[in-house]
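Read through the structure below, which is laid out as structure tokens, and then see the notes.
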Amino acid sequence: MPTQGTTIWLTGLPSSGKTTTAAALASALKEAGVLVECLDGDELRRAVGCELGFSKEDRMENIRRAVYISKLLNRNGITTIISMIAPYREMRDYARGTLESYIEVYVDCPLDECIRRDVKGLYAKAMQGEISMFTGISDVYEPPQHPEVTIHTDTRSIDANVKKIMDYIAVLAKKETMISKRDIR
């Protein structure tokens with residue numbers, strides 16, 4: 001498991017399962033002895049981005065704030081799990097380029113399943129034109145081209161998806177240990 005702070009960014013359509021996966025992953029990491037903090041996109045927007053809208057520029061500013069907070073936590077040894085749509089590749093590229101240790105997890109779920117799961121009714125409002133700039137309906141979602149991990153929340157259980165992410169983290173940690181042992185010699 002990581003010994004210094006890492007950012008694990010869960011990206012995907014609204015209602016794809018990012019927040020649910022983040023909570024389960026946080027529990028698994030805590031059980032493994034990792035200091036963890038979850039940064040949820042909706043909560044961040046309410047706490048530090050309430051004046052922001054959903055234009056591309058405002059969304060990018062929201063990403064910058066999340067990256068800044070994550071970087072502060074990471075440098076203090078806290079792993080952050082960010083569950084945030086980040087619909088544009090350039091947003092995720094910014095996070096990857098700014099954060100020292102970054103793992104991108106694509107929460108892949110078909111649009112029709114996301115619509116079915118939507119308990120807030122946001123997709124229905126967006127399809128009726130009541131919400132503009134809604135990711136997946138009236139605004140784009142650019143899927144990651146090369147995420148470190150892809151999970152499928154429509155066909156795999158939460159436990160299976162968390163295990164897949166944890167397995168990746170374990171392999172990464174093992175590689176980092178091997179590299180630092182080599183540096184000591």
Side-chain angles (χ1 to χ4, degrees), residues 1-48 62-63 65-87 91-96 98-110 113-114 116-120 135 141 143-181:
M1 295 298 112
T3 55
Q4 62 180 3
T6 296
T7 298
I8 304 167
W9 197 296
L10 281 68
T11 178
L13 288 169
S15 300
S16 60
K18 297 178 300 298
T19 301
T20 302
T21 303
L25 178 60
S27 292
L29 286 168
K30 287 175 185 174
E31 284 180 28
V34 178
L35 295 173
V36 179
E37 187 64 46
C38 286
L39 302 176
D40 180 73
D42 290 340
E43 290 178 14
L44 282 172
R45 187 170 278 280
R46 282 191 295 274
V48 296
N62 203 33
I63 297 298
R65 293 175 188 187
V67 167
Y68 178 76
I69 293 167
S70 188
K71 191 172 185 174
L72 290 176
L73 292 166
N74 288 170
R75 77 176 184 203
N76 286 288
I78 300 168
T79 290
T80 55
I81 302 169
I82 299 179
S83 53
M84 205 168 189
I85 298 168
M91 294 173 171
R92 299 183 304 268
D93 289 346
Y94 170 78
R96 184 182 296 280
T98 304
L99 296 162
E100 284 187 43
S101 181
Y102 176 86
I103 298 169
E104 189 171 272
V105 177
Y106 177 31
V107 182
D108 191 0
C109 187
E113 177 62 12
C114 292
R116 187 191 68 73
R117 293 178 181 178
D118 181 23
V119 296
K120 297 177 188 174
T135 304
Y141 177 76
Q145 294 177 316
H146 305 289
E148 282 73 16
V149 181
T150 297
I151 60 172
H152 298 274
T153 58
D154 61 320
T155 58
R156 299 191 41 118
S157 71
I158 186 97
D159 291 338
N161 284 324
V162 167
K163 182 181 182 327
K164 185 173 184 180
I165 299 167
M166 293 292 287
D167 288 349
Y168 177 83
I169 294 168
V171 168
L172 187 64
K174 187 174 183 179
K175 284 181 186 176
E176 288 174 1
T177 301
M178 291 169 62
I179 289 169
S180 42
K181 284 182 181 177

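Model, not experiment: these values are computed from the prediction.
Annotation for Lys164: atom NZ counts as buried by contact number, over 12 foreign heavy atoms lying within 6.0 Å.
Judged purely by atom type and a 3.5 angstrom limit, Asn74 uses its side chain to pair as donor or acceptor with the backbone of Ile78. Using a distance-only test at 3.5 Å, with no hydrogens or angles considered, a donor-acceptor pair links the side chain of Thr153 to the main chain of Ser16. Proximity of a side-chain donor or acceptor of Ser70 to a complementary backbone N or O of Ala66 within less than 3.5 Å is not detected. Between the side chain of Asn76 and the backbone N or O of Leu72, at least one donor-acceptor pair lies under 3.5 Å. With hydrogens and angles disregarded, no donor-acceptor distance shorter than 3.5 Å links the side chain of Thr79 to the backbone of Gly5.
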Practice task
Please test Arg156 against Ile151 for side-chain contact (heavy atoms from CB on, under 4.5 Å), starting from the C-alpha separation and ending with a verdict.
Solution key: CA-CA 8 Å; Arg156 299 191 41 118; Ile151 60 172; over 6 Å; no

Practice task
Give the intermediate values and the outcome of side-chain hydrogen bond (donor to acceptor under 3.5 Å, both in side chains) for residues Glu104 and Tyr102.
Solution key: CA-CA 6 Å; Glu104 189 171 272; Tyr102 176 86; 2.9 Å; yes

Practice task
Go through the steps to decide whether Val105 and Thr21 satisfy the test side-chain contact (heavy atoms from CB on, under 4.5 Å), and finish with yes or no.
Solution key: CA-CA 10 Å; Val105 177; Thr21 303; 5.9 Å; no

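Inter-residue side-chain proximity for Arg65 and Leu44 is flagged as unmet; no heavy-atom pair is nearer than 4.5 Å. Contact of the Cys109 side chain with the Arg117 side chain is registered, since non-hydrogen atoms from C-beta on lie closer than 4.5 Å. Side-chain contact check for Glu148 versus Arg96: some heavy-atom pair is nearer than 4.5 Å. In this structure, Ile169 and Ile8 have side chains that are in contact, with non-hydrogen atoms separated by less than 4.5 Å. Ile69 has its side chain out of reach of Glu37: every pair of non-hydrogen atoms, C-beta onward, lies at least 4.5 Å apart.
In the model, Asp40 has a side-chain atom that pairs as donor or acceptor with a side-chain atom of Thr19 under 3.5 Å.
In this view, Glu100 satisfies the salt bridge (charged side-chain N to carboxylate O under 4.0 Å, His left out) rule with no residue, not counting sequence neighbours.
For the pair Arg92 and Tyr141, the cation-pi criterion (under 6.0 Å, within 45° of the ring axis) is fulfilled.
Salt-bridge check for Asp159 with Lys163: failed, with every basic side-chain N at 4.0 Å or more from each acidic carboxylate O.
With Trp9 as the partner, the side-chain contact (heavy atoms from CB on, under 4.5 Å) test is satisfied by one option alone out of Met84, Met91, Lys18: Met84.
Shown here for Val162 and Ala24, the closest heavy-atom pair between the two residues is CG2-CB, 3.6 Å.
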